[in-house]
Amino acid sequence: MKIATFNINGIRARLPALTDWLAEAAPDLVVLQEIKTVDEGFPVEHFSDLGWNVVTHGQKSFNGVAILSRLPLEDVTRGLPGDETDEQARYIEATVVGQVAVRVAGLYLPNGNPAPGPKYDYKLAWMERLRQHALTLLATEMPVVLTGDFNVIPEPRDAAHPEQWVNDALFLPESRAALRRIEFQGWTDAIRIRDPYAKRGPFTFWDFQAGAWPRDNGIRIDHMLLSPQAADRLRDAGVDREVRGREKPSDHVPVWVELDA
DNA sequence: ATGGTAGCCGTGCTA
């Protein structure tokens with residue numbers, strides 16, 4: 001089973017680019033971030049006509065997550081537990097049953113800039129809620145894929161120019177420690193372990209500004225965390241870097257894993 | 001130090 005994550009930065013603006021990538025990459029399931037629309041604005045029919053099951057958790061203008069799946073999605077839950085007052089649409093979870101049942105969690109972690117400030121406080125509080133919920137996911141002892149735009153650069157080698165990020169919410173020590181705290185629960189970073197001694201990257205995001213893509217000034221912030229039961233089934237993982245160079249691209253590119261599941 | 005780009009029921013905000 002091929003499972004992917006793709007921050008598409010606006011579903012309507014990205015419809016051609018996403019449709020093309022789906023056809024050639026042929027994932028079984030993809031979690032989307034930054035759909036930037038309410039549920040009613042998501043072009044469900046476009047995708048159902050192409051054979052996708054669609055579940056969304058949208059919000060007007062900002063944020064919003066969704067899952068497209070070839071197989072039916074079961075037990076769909078929307079929103080990250082732990083704060084009933086949180087109105088930002090950043091989390092969705094569902095089960096897909098192939099050879100075995102796999103729980104897939106799609107997330108769009110808060111950016112947190114500027115830091116310090118209320119947005120950074122929200123990011124860290126959200127990460128603490130994620131840490132708590134990740135424990136309950138591990139306790140199911142299912143294969144779980146916890147994936148999406150984490151908005152955290154794990155290490156200096158995950159940025160082309162780490163010195164440019166030292167005061168940024170994506171790279172501050174507290175952000176990195178919070179991600180590490182979750183990973184150390186027992187999650188496997190599927191892209192990192194594919195090339196554990198990589199000197200740089202692979203990057204998953206290049207800013208639209210300042211010629212970041214032609215200069216390859218990228219960062220790795222889209223991650224695939226696997227529970228032990230999912231990691232045991234890991235066959236391959238990758239980043240579809242070339243998607244960034246196409247017409248009307250997102251600023252992120254797809255990241256994927258293939259599981260024996 | 002600045003400004004550069006992209007998307008959105010938008011002319012400012014978020015990233």
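On a predicted model such as this, the values are computed, not experimentally measured, just so you know. Order of the sequence lines fixes the chain letters, A, B, ..., with proteins taken first and strands second; residue numbering starts at 1 for each chain.
- B:dG10 and B:dA15 have their C1' atoms separated by 15 Å, with the value rounded to a whole Å.
- Relative ring orientation between A:Trp213 and A:Trp206 is described as perpendicular, the plane-to-plane angle rising above 60° on a 0-90° scale split at 30° and 60°.
- Placement of A:Leu138 and A:Val145 in two distinct hydrophobic clusters is found when ILVMFWY residues are connected by side-chain heavy-atom separations under 4.5 Å, directly or transitively.
- Note on A:Leu170 and A:Tyr122: separate hydrophobic clusters, where clusters join Ile, Leu, Val, Met, Phe, Trp and Tyr whose side-chain heavy atoms are under 4.5 Å apart, directly or indirectly.
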Exercise for review: Any chance you could list the contact pattern along nucleotides 5-15 of chain B? Use B for base contacts, S for sugar-phosphate-only contacts and - for none, protein heavy atoms under 4.0 Å, 5' to 3'.
Suggested key: BSSSS---BSB
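- Residues passing the side-chain hydrogen bond (donor to acceptor under 3.5 Å, both in side chains) test with A:Glu128, sequence neighbours excluded: A:Arg131, A:Gln132.
- For the P atom pair drawn from B:dA1 and B:dG12, the interatomic distance equals 28 Å after rounding to whole Å.
- Of the P atoms belonging to B:dT2 and B:dG7, the separation is 27 Å, rounded to the nearest Å.
- Comparing the same atom, C1', in B:dA6 and in B:dT11 gives a spacing of 16 Å after rounding to whole Å.
- Straight-line distance between the P atoms of B:dC9 and B:dT5: roughly 22 Å, to the nearest whole Å.
- Here A:Tyr120 is tied into one hydrophobic group with A:Leu124, A:Leu172, each link being a pair of ILVMFWY side chains closer than 4.5 Å.
- For the atom pair CD of A:Glu183 and CZ of A:Phe150, the computed distance is 8.0 Å after rounding to the nearest 0.5 Å.
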